[in-house]
Amino acid sequence: MHPLSRVIIGLTLAISFFAHAQSVFAADRSGSSDHPLIPRFAGSEIIGYKAVNYDEFTLALGKAYEKTMSNYVLEKDLTLEGKITRILYLAPAEKSSLQVFRNYEKAFDAAEFEPMFSCKGNSECGWRAWFTGAQTLGGLRDYDLILGGDF
């Protein structure tokens, strides 16, 4: 697997995983599965899943900001093409985003991923909806609303 493909998968998993809620978990979404290289955070469930053999993905390599009214762009990005797998997990309510993130950092390191960009909060990431909404799964983007500034 090309290193950038692994980064895309890792980034998508990390971003998507920050969506945690205060409710009891349901079973994994029908037809979904974990990615073979990265295990899920303990106690989490798959609530969104999409895998396509060939598509385009914009990888954030910099802060998202408003260029003109309602026109948000990234300071730096990389558009990639290939197999795209998006997994949206619901983490246990008692776990913090930071705890989940640190767990995934360890898993990515063990799988020999190399970070290309990392940020936290509005001051480093910019427009949060680009990271927590636009890059998640259609119909599930409202899950980012429960995060507040914790992303």
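- Heavy atoms only, all atoms of each residue included: Pro92 and Ala42 are closest at CG-O, 3.6 Å.
- Here the OG1 atom belonging to Thr85 is positioned 12.5 Å from the CD1 atom belonging to Ile38, to the nearest 0.5 angstrom.
- Annotation: the span from Ser44 atom OG to Asp28 atom CG amounts to 8.0 Å, rounded to 0.5 Å.
- If you take CG on Leu88 and OG on Ser32, they are separated by 10.5 Å, rounding to the nearest 0.5 Å.
- Between Phe101 and Ser118 the shortest side-chain heavy-atom distance falls below 4.5 Å.
- Within the 3.5 Å criterion, the main-chain N or O of Lys120 finds a donor-acceptor partner in the side chain of Glu124.
- Look at Asp55 and Lys50 and you find no salt bridge, because none of the NZ, NE, NH1 or NH2 atoms lies under 4.0 Å from a carboxylate O.
- Asp34 and Tyr89 share a donor-acceptor pair across their side chains, judged by distance under 3.5 Å alone.
- In this structure, the separation between CD on Glu75 and OH on Tyr65 is 7.0 Å, given to the nearest 0.5 Å.
- Scanning all heavy atoms of the two residues, the minimum distance from Arg29 to Ile47 falls at NH1-O, 3.5 Å.
- For the residue pair Leu74 and Ala60, the shortest heavy atom distance occurs at CD1-CA, 3.8 Å.
- No donor-acceptor distance shorter than 3.5 angstrom exists from the side chain of Tyr54 to the backbone of Ile84, with no hydrogens or angles considered.
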Practice problem: Determine, step by step, whether Phe108 and Glu114 satisfy the side chain to side chain contact (heavy atoms under 4.5 Å, CB included) criterion, reporting the C-alpha distance in whole Å, the side-chain angles of both residues, the deciding distance to 0.1 Å, and the verdict. | Solution: CA-CA 8 Å; Phe108 295 151; Glu114 293 183 27; over 6 Å; no

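- Rounding to the nearest 0.5 angstrom, the gap separating the CZ atom in Phe57 from the CG atom in Leu78 is 10.0 Å.
- At least one donor-acceptor pair closer than 3.5 Å links the side chain of Lys63 to the backbone N or O of Ser123.
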Quiz item: Taking it one step at a time, do Tyr49 and Ser33 satisfy side chain to side chain contact (heavy atoms under 4.5 Å, CB included)?
Solution: CA-CA 8 Å; Tyr49 183 85; Ser33 64; 3.7 Å; yes

Practice problem: Verify side chain to side chain contact (heavy atoms under 4.5 Å, CB included) between Glu56 and Thr79, making sure each step is shown before the conclusion. | Solution: CA-CA 7 Å; Glu56 187 176 80; Thr79 301; 3.3 Å; yes

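- Here the straight-line distance linking atom OG of Ser97 with atom CZ of Arg102 works out to 11.5 Å at 0.5 Å rounding.
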Quiz item: Under the side chain to side chain contact (heavy atoms under 4.5 Å, CB included) criterion, do Lys83 and Val52 qualify, and how do the steps go?
Solution: CA-CA 6 Å; Lys83 183 174 181 175; Val52 293; over 6 Å; no

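- Not one N or O on the side chain of Asp77 forms a donor-acceptor pair closer than 3.5 Å with the backbone of Leu59.
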